Amino acid sequence: LEDAMLVAARLQSSLSAPIALANATVYLSASVGFCLSDRLDAPTSADILQCASNALIRAQRAGPAAIRSHSEVAAADLDRQNELTKDVAGALADHQIAAFFQPQIATDTRVITGVEGLARWHHPTKGMISPGLFLPACQDAGLMCALGQHMMEQGFHALATWDALDLHVPTVGINFSTTELGDHTLVERVTDTLAQYNLAPHRLSVEVLESVVADDGDGIIIQNLSALSKLGCQIDLDDFGTGHASITNIRRFSIERIKIDRSFITGVDEDKDQRDMVAAILTMAERLGVQALAEGVETQGEERALQSLGVAFLQGFGIAHPMSMQDATDWLRTYSTTDVQKVDFSNPTSDQQEPDIEMPRRASSP
């Protein structure tokens, strides 16, 4: 195994030498998959080649420049992933994949400021499937745009339903993948879907991962995000602080709010280094004129620490778990019965002031 890894690394090193092409210099990377014959029972040449090809697929998914060796466990994982890839199209058509909603609140007033829509797949035989498994399946099946459209429609349907029930939820956050943000029809689709549900653009928060904005090669992502911002949608930079995006990207991509990654939030009430890091992020956000939301808030101690630091918005299990449409509606009904001023969310320039009160904690769904 060690010898094979060294050979693979030498191949990568040889291929990585820069190539002069016209007036440019091209740098290549290579993913390598291999299979050792002694890892198979009674191997044939066809078996070895097939297993090496499967190892290459795993390397490409982990790339760039990854190396993977065949193993029975990994092969079983790949088979399961391929099976999910075959099933995911039907799952979208049958509405097995549904939007679950996690509330976001204002730190000082505990007023609902929005929800994030999160994709959840309840498979008829396998039960709940982790997004970490079915999102790559959607990618492999070429269905990321279809999934995004599905989530957007479910999110807008939820807002329209809650509006009719007089439940005040100002925005829904929808995660947009690299594939979607690189789609030339994205802005038109968003505009048409908003009109279909009679919603204003400011009701949509476009959530973008740091890694997405850091890897915009041809500029179409910048164009789409700029157009969505001009349309009136809010642009949120998700998982901020994980090291992918530079400060300049916050300006380039019309970012209005950063979502501080939960890795900085956990234990912030007990860890001085965590508090110092959050304080530094907030100082940067203030200088850049963007808002900040803390993700992954789980305890009252973390809430109090974040409030004292000046974090404006909170999201996490300490507020509520992601909930199905019906459970979220029930949760919002209960939450709305507390003594809190109703804010006019239909007008983004409303001058109503949020009340400075302590909102009682509500139990989250299981």
Side-chain angles (χ1 to χ4, degrees), residues 100-118 131 169-176 205-213 234-245 247 249-250 253 255-323 328 331-332 335 340 343 354-365:
F100 275 44
F101 300 97
Q102 187 171 37
Q104 301 163 341
I105 65 170
T107 308
D108 292 338
T109 64
R110 299 187 69 79
V111 169
I112 297 291
T113 60
V115 296
E116 179 180 1
L118 300 162
V169 181
T171 66
V172 62
I174 302 296
N175 292 274
F176 283 69
S205 291
V206 178
E207 302 212 2
V208 188
L209 288 171
E210 271 196 316
S211 56
V212 172
V213 301
Q234 175 174 295
I235 312 297
D236 287 357
L237 185 60
D238 204 4
D239 293 345
F240 183 80
T242 52
H244 294 287
I247 293 175
N249 281 327
I250 294 178
F253 289 88
I255 303 299
E256 297 178 45
R257 183 169 68 174
I258 58 174
K259 300 184 72 175
I260 306 173
D261 186 71
R262 63 176 298 174
S263 61
F264 297 103
I265 304 304
T266 302
V268 70
D269 53 327
E270 300 175 348
D271 189 329
K272 182 180 181 302
D273 290 339
Q274 291 284 76
R275 287 195 299 275
D276 290 344
M277 184 64 71
V278 172
I281 292 173
L282 292 174
T283 298
M284 181 209 66
E286 182 180 6
R287 295 289 178 87
L288 293 173
V290 298
Q291 297 177 318
L293 177 148
E295 296 185 287
V297 181
E298 297 190 356
T299 69
Q300 291 187 0
E302 289 171 354
E303 285 190 38
R304 287 192 292 268
L306 293 166
Q307 183 175 12
S308 67
L309 287 167
V311 176
F313 305 101
L314 305 175
Q315 177 182 346
F317 290 175
I319 313 302
H321 287 234
M323 297 170 278
W331 187 91
L332 289 166
Y335 202 91
V340 59
V343 179
E354 293 175 342
D356 186 15
I357 61 174
E358 178 70 14
M359 179 73 77
R361 174 179 296 277
R362 290 290 171 189
S364 59
S365 68

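We count residues from 1, following the sequence as given. Quantities reported herein were computed from a predicted structural model and do not represent experimental measurements.
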Minimum heavy-atom distance between [X] and [Y], given as atom pair plus value:
X: P322; Y: F100; answer: O-CD2, 3.8 Å
X: F313; Y: V311; answer: O-CG1, 3.3 Å
X: I112; Y: P103; answer: CD1-CB, 4.1 Å
X: T113; Y: T171; answer: O-OG1, 3.4 Å

Among residues at least two apart in sequence or on other chains, which ones pass side-chain hydrogen bond (donor to acceptor under 3.5 Å, both in side chains) with [X]?
X: E207; answer: K259
X: D271; answer: none
X: R275; answer: none

task: For side-chain contact (heavy atoms from CB on, under 4.5 Å), just list the numbers for L314 and E302, CA-CA rounded to whole Å, side-chain angles, deciding distance to a tenth of an Å, and then say yes or no.
output: CA-CA 10 Å; L314 305 175; E302 289 171 354; over 6 Å; no
task: Please name all residues satisfying ring-ring contact (aromatic ring centres under 6.0 Å, His included) with F101, sequence neighbours left out, ordered by chain then number.
output: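 F101: ring-ring contact (aromatic ring centres under 6.0 Å, His included) contacts with W162.
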Contacts under 3.5 angstrom, residues 281-293 side chains, donor-acceptor by atom type, not counting sequence neighbours:
| unit_1 | atom_1 | unit_2 | atom_2 | d |
| --- | --- | --- | --- | --- |
| T283 | OG1 | A279 | O | 3.0 |

- prompt: Is N175 close to L118 at the side-chain level, that is, under 4.5 Å between some pair of heavy atoms?
  reply: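 Yes. Closest side-chain heavy atoms under 4.5 Å.
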task: State whether R110 and E303 are salt-bridged, where the test is any N-O pair (Lys NZ or Arg NE/NH1/NH2 against Asp/Glu carboxylate O) under 4.0 Å.
output: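 Counted as a salt bridge, because a side-chain N and a carboxylate O are separated by less than 4.0 Å.
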field: Set of residues satisfying side-chain contact (heavy atoms from CB on, under 4.5 Å) with respect to A312, sequence neighbours excluded
entry: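 So A312 forms no side-chain contact (heavy atoms from CB on, under 4.5 Å) with any residue.
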- request: Give a yes or no on whether the backbone of A320 and the side-chain of Q102 come within a donor-acceptor separation of less than 3.5 Å.
  value: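 Indeed, once roles are kept as given, a pair shorter than 3.5 Å links the two residues.
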message: If we ignore hydrogens and angles and just use 3.5 Å, is the side chain of Q274 paired with the main-chain N or O of T266 as donor and acceptor?
response: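 Checked: pair present.
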